[in-house]
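First the structure, in the form of structure tokens, and then the observations on it.
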Amino acid sequence: MYSLRVGDAAWAAIACSSKSNINTMCGDVMRLPYPSVFVDDSSRETVSLSTRTPPEALKEALYRISLSSRLPGGLIASALSELLHAQPESARDHYLAVLMTGLMARGPREDEVVELLEAALTLDPVTPVSANQDGHDRLVVLAGSGKKGLKTFNISTCSAIIAAAAGARIVKVGSYATSSVLGSRDFATRIGLPQQTDGRAVLDAVARHGFSFAPVEEMIPALDRVYGGRFHVLTPFSFGLAALASPVRGDVLIFGLAHPRVDLAAAVLARFGIRDALIVSSGTESGRFADELGVGDWSLVCELRDGTVGEVRRHSADALPGASSGRAEPVRAPRSSDEAFNWALEALGGRGTTRHIDILALNAGFLLNTARIVSDIAEGYDLALNLITSGRAVDLLRELCAGPSEHPWAWN
């Protein structure tokens, strides 16, 4: 991975505020056509990059970002396309970091996030299979941004398995860790969960078990080679990429976002044709965020219903179901991937700490309510606790992957 040096960042700032670049604003670059999406980039020649000379569209974009100015439509897509086809990798990584960090530092904007995602996904067009074609009950797709400031064990995948054990139909979309201690795909791979990328195969797995795991990296391999594993903090892609990489389009999406702008993620996803979704986040008063419910001092939820973005609702930790279960105690960050893996299995099998079991039950209860298995989250929380303590959640995990011999207690 290319590490951005202080000297590189300083040079990028100088290069993008140079006299020649200022003159360019009123010259030819301002008249360049900037297509919003490159429909066919297969014939583009590789661009040779230098950390001292940014490509023209990127230079113009960075200059405007530095002034908090509006970016004309198509400019940011042109800048990204220049980078996606550029070599050497070290220079490409450098400029990609400058662009993404600049956009987030200035504040992500809906049109720019959409344009970036559209341009990026031209590398790996994803055509999801619609759940409405299979004639079954409500299908929930679960995805998240990752890159959270509150490090946890793997909550989302375990919560999805618990919900599936109660009859919910869940597709979990996940990836390997970059900034996390243990990513959802790391957990799925280590535990032996099957992973499907074909939409019909995903729906077949859900029909058999109520659950399927879809790996992000396999859905967008070309983009992953350029972007994957490089960013330890949120980028504009964090507002929807994982959801848009799903091989199936569910009846409803639950998207976790480790950022307070859950309304922005809802608006972005709506622009890509997602009609119904719940965007969730949790945070602390110190400004740290996670992409699950109940991890911090409060949680945020924004509903996208029939394509319309609703208001952001804020729920304090003590207002959520299970508040008496030690939720004042923070979810401690695991010290290693082994510890994160063990905590997840222990909580799923009902042998974890009260706090760990509580956080799984809360997120599984939210899934169960979304799937319409229960009438509200409180009922879902209670049902999830029962599934954990009775061993039914572990029974489904055993059915899914014929459990690992290194943790035999989990199957007893």
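In this chain, numbering begins with 1 at the start of the sequence shown.
Here the side chains of E292 and I359 are not in contact, with every heavy-atom distance at 4.5 Å or above.
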CA sep, side-chain torsions, deciding dist, call: L397, L193, side chain to side chain contact (heavy atoms under 4.5 Å, CB included):
CA-CA 8 Å; L397 187 57; L193 283 171; 4.0 Å; yes
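Note on D395 versus R392: no salt bridge recorded, every NZ/NE/NH1/NH2 to OD/OE distance being 4.0 Å or above. By the 4.0 Å N-to-carboxylate-O rule, K148 lies close enough to D291 to be salt-bridged with it.
For the side-chain contact (heavy atoms from CB on, under 4.5 Å) with F153, the qualifying choice from W343, F341, F187 is W343, the only one to do so.
Counting only residues at least two apart or in different chains, side chain to side chain donor-acceptor pair (under 3.5 Å) contacts with residues 236-245 are absent. Each salt bridge (charged side-chain N to carboxylate O under 4.0 Å, His left out) pair with one or both residues in residues 261-278, not counting sequence neighbours, appears once here: E110-R271, D111-R271, R261-D263, R275-D306.
Taking A371 as the reference, V140, A168, I373 meet the side chain to side chain contact (heavy atoms under 4.5 Å, CB included) condition, with sequence neighbours excluded. Residues forming a side-chain hydrogen bond (donor to acceptor under 3.5 Å, both in side chains) with R314 (at least two apart in sequence, or on another chain): E285.
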Give the table of side-chain donor-acceptor pairs shorter than 3.5 Å for residues 99-109, with sequence neighbours excluded, one pair per line with atom names and distance.
unit_1, atom_1, unit_2, atom_2, d
T101, OG1, A97, O, 2.8
R106, NH1, S69, O, 3.2
R106, NH2, E112, OE1, 2.2
R106, NH2, E112, OE2, 2.9

Expected list for residues 207-214: side-chain donor-acceptor pairs under 3.5 angstrom, two or more places apart:
unit_1, atom_1, unit_2, atom_2, d
H209, ND1, E399, OE2, 2.6
S212, OG, Q196, OE1, 2.6

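Nearest heavy-atom pair across L269 and G240 is CD2-CA, 4.0 Å.
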